[in-house]
Amino acid sequence: MIEINLSILNQCYARRMNWYPSVNNPEGASVRVGGIEEILDQFDLIMLDSYGVLCRGATPIEGAIDAIAMMRRHNKALCVVSNDTMTNKAVAAEKYAARGFDFSGDEVVTSLDITENWLKTIDNPGRWGVIAPDVHPSDELLQGMVRLNSQNGVIPEEVDSLLFLVGGMGWTAEMQANLIASAKDRQFTMALGNPDMGAPYFIDGKIHLGATPGYFADCLVKETGQQATPELFGKPGETIFRTVMERHGITDPSRVLMVGDTLYTDILGGNAVGCKTLLLECGVYRGTDIEQAIADAGIVPDFIAPHL
Ligand SMILES: [Mg+2]
């Protein structure tokens, strides 16, 4: 695990704004609300980020389970939209049930689902190097790709394209250094299964930020001058949001609310596709000045609330 902090996280995101959709802020300032129930009647579909909105690690955030039940009583369509590249449709319901949530497999769309749709279309997997643990839910679809973790991060000669899929424990600082050293004077096509720069994890209840695939790609570009803009399969890329809205037959995205805790993924991406956005204070910005974070990022949510 490569550890970072909130300041590094925000710098990385700010540096890669050219990878993301254009900023499309609401007219006027954010409206503060006490919780989602106050604004619920404006929306038909609620899209929910997972980490920092529903759970912290494997623990549900206080009030989140009750808030989901309340939204169900109001007959709102719900969909978890997560940059999670260890969970696909096949295992999503089970994962959320273990955390006390009653989402069906159809109510969860992860960036791994979007990545898997793309994996089914590629015809020369041997050109691709992938960062993913040795055992992964998409192993069948990753067949033929070079597993960079088992190469200790070194990119073989025959590889000219990189899929950044999973970070965490399986990708070490040494592997990252080897990746960069072996990429010198070479150019790669890049795809981000998980565009996040970092994700919170917990040791003895204390929050830490671990580097995730977006960060590995950011460092590679910074150190080796990669020219290509990576394709994004997760938030803030548009594909994941459009996939969910299409599935629900949404014709007016302003009747959709994206709820998240991260400006650069949840809020930027939701704004960009024309949805309304709600930023929660109980996630990655917990205990920090959220107004300052909004001003620094230049990404403005429609609503701010302490929690769901
Ligand atoms: Mg989050």
Side-chain angles (χ1 to χ4, degrees), residues 3-10 12-14 16 20 30 35-36 46-65 67-68 78-87 92 95-96 99 101 103 107-114 166-168 192-202 207-215 232-237 240-241 244 256-273 275-288 290 293-294 297 299-308:
E3 188 160 346
I4 59 172
N5 58 43
L6 190 59
S7 157
I8 294 175
L9 182 84
N10 286 328
C12 290
Y13 280 124
R16 298 303 165 209
Y20 306 145
S30 309
I36 194 170
I46 313 297
M47 300 194 288
L48 300 143
D49 175 42
S50 179
Y51 274 47
V53 169
L54 299 173
C55 334
R56 259 184 225 118
T59 311
I61 290 178
E62 203 177 327
I65 292 172
I68 298 301
L78 305 177
C79 190
V80 179
V81 181
S82 172
N83 282 357
D84 177 347
T85 41
M86 285 301 285
T87 304
K95 174 175 171 171
Y96 284 94
R99 292 167 186 189
F101 293 96
F103 297 112
E107 289 179 314
V108 180
V109 175
T110 67
S111 57
L112 183 56
D113 292 318
I114 306 300
V166 185
L192 300 188
N194 177 1
D196 285 358
M197 297 288 180
Y201 66 100
F202 298 86
I207 187 167
H208 296 259
L209 274 175
T212 47
Y215 176 88
L232 309 184
F233 298 127
K235 302 171 288 184
I240 190 165
F241 296 107
V244 173
V256 178
L257 182 68
M258 174 66 210
V259 186
D261 72 322
T262 304
L263 287 163
Y264 289 96
T265 54
D266 307 314
I267 306 304
L268 173 64
N271 284 352
V273 293
C275 300
K276 302 293 183 190
T277 54
L278 167 61
L279 179 67
L280 299 186
E281 293 174 297
C282 56
V284 71
Y285 303 119
R286 193 163 52 135
T288 68
I290 207 162
I294 292 169
I299 299 165
V300 183
D302 293 277
F303 304 99
I304 303 171
H307 45 70
L308 272 176

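Counting convention: from 1, in listed order, for ligands and their atoms alike. Keep in mind that the numbers below use all heavy atoms, side chains included, and drop hydrogens, waters and symmetry copies.
When the side-chain contact (heavy atoms from CB on, under 4.5 Å) test is applied to T59, no partner is found at least two apart in sequence or on another chain. Partners of E3 according to the side-chain contact (heavy atoms from CB on, under 4.5 Å) rule, which considers only residues two or more places apart in sequence or in another chain, are Y201, H208. For A199, the side-chain contact (heavy atoms from CB on, under 4.5 Å) partners two or more places apart in sequence, or in a different chain, are T212.
Judged purely by atom type and a 3.5 angstrom limit, R56 has no side-chain atom pairing as donor or acceptor with the backbone of P200. Judged by distance alone, with hydrogens and angles left aside, the side-chain atoms of D266 form a donor-acceptor pair with the main-chain N or O of D261 at under 3.5 Å.
Around the Mg ion (ligand 1), the protein atoms of type N, O or S that sit closer than 2.8 Å are D49 OD2, Y51 O, D261 OD1.
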Test S50 against Y96 for side-chain hydrogen bond (donor to acceptor under 3.5 Å, both in side chains), laying out the working first. CA-CA 10 Å; S50 179; Y96 284 94; 2.9 Å; yes
